[in-house]
2 protein chains.
Amino acid sequence: MVRAGLTVERVTLAGAELADEAGFAQVTMAQVARRLGVRDASLYAHVRNLEDLRGRIALLAADEKTLLIAEATTGRAGKDALVAYANAWRAYAHAHPGRYTATQTPIPIDPALAAAAPGPRRAVELSYGMLRGYGLAEPDLTDAVRLLRSTFHGFVALEAAGSFAHARPPEDTWSRALDALHVLLEHWPTSRAGDSS
Amino acid sequence: MVRAGLTVERVTLAGAELADEAGFAQVTMAQVARRLGVRDASLYAHVRNLEDLRGRIALLAADEKTLLIAEATTGRAGKDALVAYANAWRAYAHAHPGRYTATQTPIPIDPALAAAAPGPRRAVELSYGMLRGYGLAEPDLTDAVRLLRSTFHGFVALEAAGSFAHARPPEDTWSRALDALHVLLEHWPTSRAGDSS
DNA sequence: GTTCTAGCCTAGGGCCCCTAGGAATGCTCA
DNA sequence: TGAGCATTCCTAGGGGCCCTAGGCTAGAAC
């Protein structure tokens, strides 16, 4: 009998690949085990249970996404940084749909595991760094980061759900939206709402 | 033996209530049947299968959400309409989290069923009507609608996922974001990107 | 009152999650 | 080299869920 040589990392990766190919909902102990040529009971030596496995996939995806964004935005500022950040975000969601939904699905993740992951902290740094060129101060900085992240996530989520199935290509809307957000950041209503209508 | 008096509507409603209380992932034939005091096999007389039931919940939720937005925005224009639309959206997501995730989850819905639902058409009308005061023309109108819907959905999704768990209350960010979007719609970069940095 | 149409039932197969306990593998160390 | 040992992977099995097949009964139609 040849051992399969499983580790937590290999199991998690197999789950991530399965998520991208068949959807995150199809990530199941039995399916992952089949993909690894192993019985499902064997996975419990490496992963606590299904929820644990899904949480690890979510953490892996968050780290990968953050890393891609970091690579895309280094050395850029202003609108260049905004566009690079946004495009890297959307590209990851397109390239790894299952992993991406894993990051979104609210899973109770093991705190110790989450603390060891470098993703979240790095993601916050990147978000704030991207906006450095626009001259915003707290709390506007936090609000702007949240608005941008909301828009990026919402766009790819609606795109994945097929809400943009009409005539105009999503790509066109996407680039126009980035233009608009850039303008917004330059005209950010700092002290009180600019209510001119 | 007393009959339970099931109908498609009652089964769908029970599923929707269960979704709000326990999460959309917990909407299962067995759970819904238990809630109705019935065996799971009995539900198949009213609903084709689990996927069909979930699709009906999604459609119900979409209709309810659209109705609330319609009530909130009638008679309003400009920023008033924008704020009313956005607040109704977020309020529905908060009041019915399970139903709301049902609308987001990409479920293959029976086309005949979807065609009979008034929600989608009405939702499109409302979105475009809300922007009537900003003087946008196509394709900017479509892009603006998509941007707004992306932001609204992304915000409540990240909120539900616990991404805004830090110091600043989400409410504050939300109202500032609406101010910012209002400014954005007034400064919408119509012809070519306003690239002034 | 009989017949017919439903609504609801039990029975059962297949898949999945997870635990318990056994066998084989490959490392450590005398 | 070979015994001991931790780890890896296995089979067996219980419980839950989805769904189909087929039977029984309540209420409507005649």
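Computed from a predicted model, the values in this text were never measured in an experiment. Just so we're on the same page: letters track the sequence lines, and every chain starts at 1. All heavy atoms count here, side chains included; hydrogens, waters and symmetry mates do not.
For B/R90 and B/E171, the salt-bridge test passes: some basic side-chain N is under 4.0 Å from an acidic carboxylate O.
Residues that satisfy the ring-ring contact (aromatic ring centres under 6.0 Å, His included) test with A/H96, not counting sequence neighbours, are A/Y92. Every residue meeting the salt bridge (charged side-chain N to carboxylate O under 4.0 Å, His left out) condition with B/E125, not counting sequence neighbours, appears here in chain and number order: B/R122. The ring-ring contact (aromatic ring centres under 6.0 Å, His included) test applied to B/F155 returns B/F164, B/W174, not counting sequence neighbours. Legend: residues meeting ring-ring contact (aromatic ring centres under 6.0 Å, His included) with A/Y44, ordered by chain and number and at least two apart, are absent. Considering only residues two or more places apart in sequence or on other chains, B/H94 meets the ring-ring contact (aromatic ring centres under 6.0 Å, His included) condition with none of them.
Counting to the nearest Å, the P atom of C/dG7 and the CG atom of B/L43 are 12 Å from each other. The distance between atom CD of B/Q26 and atom P of D/dC18, rounded to the nearest whole Å, is 11 Å. Put simply, CZ on A/R39 is 17 Å from C1' on C/dG21, counting in whole angstrom units. Going from atom CG of A/L53 over to atom C1' of C/dC18 covers 14 Å, rounded to whole Å. Atom-to-atom, CZ of B/R48 to P of D/dC18 comes out at 16 Å; the value is rounded to the nearest Å.
For C/dC9, one of the phosphate oxygens OP1 or OP2 lies less than 4.0 angstrom from a side-chain nitrogen or oxygen of B/S42. For A/H46, a side-chain nitrogen or oxygen approaches OP1 or OP2 of D/dC9 to under 4.0 Å.
For A/A41, whose side chain is taken as the heavy atoms from C-beta onward, the closest listed nucleotide among D/dT11, D/dC9, C/dG7 is D/dT11.
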Atom pairs, N/O to N/O, protein against nucleotides 15-17 of chain C, distance under 3.5 Å?
| residue | atom | partner | partner atom | Å |
| --- | --- | --- | --- | --- |
| C/dC16 | OP1 | A/R34 | NH2 | 3.1 |
| C/dC16 | OP2 | A/R34 | NH2 | 3.4 |
| C/dC16 | O3' | A/T28 | OG1 | 2.6 |
| C/dC17 | OP1 | A/T28 | OG1 | 2.2 |
| C/dC17 | OP1 | A/M29 | N | 3.0 |
| C/dC17 | OP2 | A/T28 | OG1 | 2.9 |
| C/dC17 | OP2 | A/M29 | N | 3.2 |
| C/dC17 | OP2 | A/A30 | N | 2.9 |

